[in-house]
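To start, the structure under review is shown below, and the notes come after it.
The first residue of the sequence shown is numbered 1, and numbering continues consecutively from there. Since this is a predicted model, take the numbers as computed values, not measurements. What you see below is based on every heavy atom in this structure, not just the backbone, and it leaves out hydrogens, waters and symmetry mates.
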Amino acid sequence: MDDSQHDCCSDKRVVQPDKAALLKRLARLEGQVRGVAGMIDADRYCVDVLTQIAAARSALDAVAQQLLESHLKGCVSRAVNEGNSDEAIAEVMALLKKMR
């Protein structure tokens with residue numbers, strides 16, 4: 001992915017280069033979460049429910065990692081090239097603390 005695939009603007013909006021794939025993954029994840037609710041409603045075995053929750057968490061983490069990689073390759077790279085590396089690094093560090 002090169003910088004031309006990222007549309008980072010001053011108002012912090014960005015056009016995701018893999019938007020369709022991200023939305024497809026999130027739709028599957030939404031269905032997975034609804035499935036967990038159905039399992040709880042159906043009084044399914046706790047271990048089975050917890051296993052599905054772990055799978056959903058993993059899927060959401062994968063979406064977050066994809067977004068982070070896109071941000072680093074696009075917006076952060078651009079900020080570093082424009083001399084705004086301190087601000088970009090501080091933003092990423094704050095984000096990583098939230099993602100723990």
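- Distance check: I89 CD1 to E91 CD gives 11.5 Å after rounding to the nearest 0.5 Å.
- Under the 4.5 Å side-chain heavy-atom criterion for grouping Ile, Leu, Val, Met, Phe, Trp and Tyr, M93 is connected to L72 within one hydrophobic cluster.
- Closest approach of L29 to A56, counting heavy atoms only: CD1-O, 3.8 Å.
- To the nearest 0.5 Å, atoms CG (N81) and OG (S77) are separated by 4.5 Å.
- The side-chain heavy atoms of K19 and V15, taken from C-beta on, include no pair separated by under 4.5 Å.
- A 4.5 Å side-chain heavy-atom check between H71 and V92 finds at least one atom pair inside the cut-off.
- Among residue pairs with one or both ends in residues 20-38, those qualifying as salt bridge (Lys or Arg N to Asp or Glu O under 4.0 Å) are E30-R34; sequence neighbours excluded.
- Side-chain atoms of I53 and V33, non-hydrogen and from C-beta on, never get closer than 4.5 Å to each other.
- Between the side chain of S70 and the backbone N or O of Q66 there is no donor-acceptor pair closer than 3.5 Å.
- Looking at heavy atoms from C-beta onward, L67 lies in side-chain contact with Q16 at the 4.5 angstrom threshold.
- The CG atom of D18 sits 10.5 Å away from the CG atom of L23 when rounded to the nearest 0.5 Å.
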Walk me through whether L60 and L26 qualify under side chain to side chain contact (heavy atoms under 4.5 Å, CB included).
CA-CA 8 Å; L60 191 56; L26 288 168; 4.3 Å; yes
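- In this structure, L68 and L96 have side chains that are in contact, with non-hydrogen atoms separated by less than 4.5 Å.
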